[in-house]
Every structure is written in C-alpha cells, then in structure tokens.
Amino acid sequence: MGRYISSHSKGQTFMPDYTASLLIFGVLIAIFLTSWNALVSVDTSGSEMLQTRHTSTFLVSTQGYPSNWEQDGSNVTIPGFAEEDHVLSAEKLREFREYSYDEQKTLLQAQEFWLEIKNSSQVLELDGEGLEYGRSYENASQIYPVRRNTLLNKSGDLVDAELVYISWE
C-alpha cells in the first residue's frame with residue numbers, strides 16, 4: 001500500500017554536491033561582506049569631503065546667521081564671510097579672527113581645519129595680519145582641501161582672492 005523509508009537507509013547530508021554548494025555559498029558571503037565594508041569606509045571619507053565643500057561654499061556665498069553677526073560676535077550661530085555672493089567682508093574676517101580656535105572649530109562644525117584667504121602669490125593681510133585661521137595639517141593622515149575663487153572687499157577696493165579651506169582627521 002504505502003511506501004515508507006527504512007530506518008536502515010543512510011543519510012545523504014554530506015554528499016560531495018551538498019558540500020560544494022555550502023563552500024560556494026560561504027565564499028560568496030565572504031566576498032559580499034568584504035565588498036560591503038569597503039563601500040562603507042569609502043562613504044565615510046566621502047561625507048567628510050562633502051562637509052568640507054558645503055562649509056567652504058557657505059562661507060563665500062552667505063552672510064551667516066544672523067546676517068550682521070560681525071557687529072555683535074556673541075550671537076553668531078553660523079558664520080558666513082560674504083557681503084554678497086563671492087565677495088568677502090573684511091569686517092566679518094576681522095571678527096572671526098577674534099574667536100579662539102576651539103570656538104571657530106565649533107562654529108564651522110569641523111574636526112580640525114585650516115583656512116586662508118590668499119591671492120595668486122601670498123596670503124592676504126588685514127591690519128598687518130595674514131588672513132590665516134586654524135592649525136597646521138602637516139601631520140594629518142587624511143586631508144580634504146577645497147578652493148573657492150572670490151573677491152575681498154577691503155574698504156571698497158575689491159581684490160581678487162582665493163579661499164582655501166582644509167579639514168582633516
């Protein structure tokens with residue numbers, strides 16, 4: 001009538017085809033996990049570069065918040081150096097110089113940074129001091145540099161300038 005499996009039959013769990021399929025599956029999982037880890041680590045450095053680009057763009061294209069923060073530096077929430085798009089305000093740069101490095105870092109939301117305003121040959125000056133902010137990045141393991149062409153308004157005289165913003169880990 002019916003068929004039944006004998007209790008004396010041998011199991012086929014570890015047959016060569018089954019073992020081979022387990023091995024192939026394991027190799028595919030290992031390749032996937034290795035690739036996934038590589039993609040995730042690349043994305044982290046990409047987000048740092050993206051943050052650096054956003055910060056530099058914001059500095060040269062907006063006045064910051066509030067827009068007149070250079071008049072009362074105690075209420076600055078977000079610094080921006082522009083009087084108008086890509087025209088930097090000497091007053092905002094002077095006021096930003098008054099902050100400590102840690103305060104500047106907090107306002108820029110940076111881990112570490114270097115910022116300078118220069119022309120084609122040298123760092124520009126205001127009141128006899130170079131427009132350089134931050135710390136040296138000589139021993140940094142990974143740097144994220146961004147350059148923005150801009151103008152600097154020095155008492156009505158527009159000077160060609162370049163903002164160089166570098167963040168690093």
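Only this structure's heavy atoms are used, side chains among them; waters, hydrogens and symmetry mates stay out. Start at 1 with the first residue, then count along the sequence.
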Q) Does Leu131 offer a backbone N or O that forms a donor-acceptor pair with the side chain of Lys118 under 3.5 Å? A) no

**Q.** Glu91: partners by side chain to side chain donor-acceptor pair (under 3.5 Å), with sequence neighbours left out
**A.** Ser89

Q) Between Gln71 and Trp69, do the side chains contain an N or O donor and an N or O acceptor separated by less than 3.5 Å? A) no

**Q.** Counterpart residues, side-chain contact (heavy atoms from CB on, under 4.5 Å), relative to Ile31 (two or more places apart)
**A.** Val27, Ser35

Q.
Test your reading of the model: is there a side-chain donor-acceptor pair from Asn119 to the backbone of Ser121, 3.5 Å cut-off?
A. yes

Q | Close side-chain approach of Leu88 to Asn153, heavy-atom, < 4.5 Å | A | no

Q: Report yes if some heavy atom in the side chain of Val159 is under 4.5 Å from a heavy atom in the side chain of Leu151; otherwise report no.
A: no

Q: Might you point out which heavy atoms bring Tyr165 and Ala110 nearest each other, and give the distance in Å?
A: OH-CB, 3.5 Å

Q. Just how far is it from atom CG of Asn68 to atom CD of Glu70, taken to the nearest 0.5 Å?
A. 6.0 Å

Q: With sequence neighbours left out, write down each residue that passes side chain to side chain donor-acceptor pair (under 3.5 Å) with Arg97, or none if nothing qualifies.
A: none

Q: Return the set of residues passing ring pair (Phe, Tyr, Trp, His ring centres under 6.0 Å) with Phe96 (not counting sequence neighbours), or none when no residue passes.
A: Phe81, Tyr133

Q) Does Glu103 have any side chain to side chain donor-acceptor pair (under 3.5 Å) partners at least two apart in sequence or in another chain, and if so, which? A) Ser100

Q. Less than 4.5 Å apart, any side-chain heavy atom of Gln104 and any of Leu115?
A. no

Q: Using the test side-chain contact (heavy atoms from CB on, under 4.5 Å), find all partners of Ala82 that sit at least two apart in sequence or belong to another chain.
A: none

Q | Exam field: side chain Gln63 to backbone Glu83, donor-acceptor pair closer than 3.5 Å | A | yes

**Q.** Interatomic spacing from OG in Ser167 to CD in Gln111 - rounded to 0.5 Å
**A.** 7.5 Å

Q | Pairwise side-chain contact, Val76 with Tyr99, heavy-atom cut-off 4.5 Å (strictly under) | A | yes

**Q.** Distance-only donor-acceptor check, side chains Tyr144 and Glu169, under 3.5 Å
**A.** yes

Q. When you look at Glu48 and Gln142, which way does the side chain to side chain contact (heavy atoms under 4.5 Å, CB included) test go after all the steps?
A. CA-CA 10 Å; Glu48 286 293 327; Gln142 183 72 36; over 6 Å; no

Q: Would you check if Leu152 and Leu124 make a side-chain contact, meaning some heavy-atom pair closer than 4.5 Å?
A: yes

Q: Please test Val87 against Thr150 for side chain to side chain contact (heavy atoms under 4.5 Å, CB included), starting from the C-alpha separation and ending with a verdict.
A: CA-CA 6 Å; Val87 178; Thr150 187; 5.7 Å; no

**Q.** Partners passing side chain to side chain donor-acceptor pair (under 3.5 Å) against Gln51 (at least two apart in sequence or in another chain)
**A.** Thr55

Q | Co-membership, hydrophobic cluster, residues Phe32 and Ile29, 4.5 Å side-chain | A | yes

Q: Could you note down all residue pairs passing salt bridge (charged side-chain N to carboxylate O under 4.0 Å, His left out) where residues 131-140 supplies at least one of them, sequence neighbours left out?
A: none

Q. Taking only residues two or more places apart in sequence, or in another chain, which ones meet Leu23 in a side-chain contact (heavy atoms from CB on, under 4.5 Å)?
A. none

**Q.** Qualifying residues under side-chain contact (heavy atoms from CB on, under 4.5 Å), relative to Ile143, sequence neighbours excluded
**A.** Tyr137, Ala140, Pro145, Ile166, Trp168

(Q) If hydrophobic clusters are built from ILVMFWY residues whose side chains come within less than 4.5 Å, do Leu163 and Leu107 share one? (A) yes

Q: Please examine the side chains of Ile78 and Thr62, heavy atoms only from C-beta on, and report whether any two atoms are closer than 4.5 Å.
A: no

(Q) Taking CZ in Arg94 as the centre, count heavy atoms belonging to other residues, nucleotides or ligands within less than 6.0 Å. Is the count above 12? (A) yes

Q.
I'd like to know whether Leu93 forms a side chain to side chain contact (heavy atoms under 4.5 Å, CB included) with Leu126, so could you lay out the CA-CA distance, the side-chain angles of the two residues, the decisive distance to 0.1 Å, and finally the verdict.
A. CA-CA 9 Å; Leu93 293 167; Leu126 279 178; 4.1 Å; yes

Q.
Using every non-hydrogen atom in the two residues, find where Pro66 and Thr77 come nearest and quote the distance to one decimal.
A. CD-N, 4.2 Å

Q: Look at atom CG of Asp160 and say whether more than 12 heavy atoms of other residues, nucleotides or ligands are closer to it than 6.0 Å.
A: no

(Q) Test: salt bridge (charged side-chain N to carboxylate O under 4.0 Å, His left out). Region: residues 143-152. Which pairs qualify, not counting sequence neighbours? (A) Arg147-Glu162

Q: Apply ring pair (Phe, Tyr, Trp, His ring centres under 6.0 Å) to Tyr101 and list each qualifying residue two or more places apart in sequence or on a separate chain.
A: Phe113

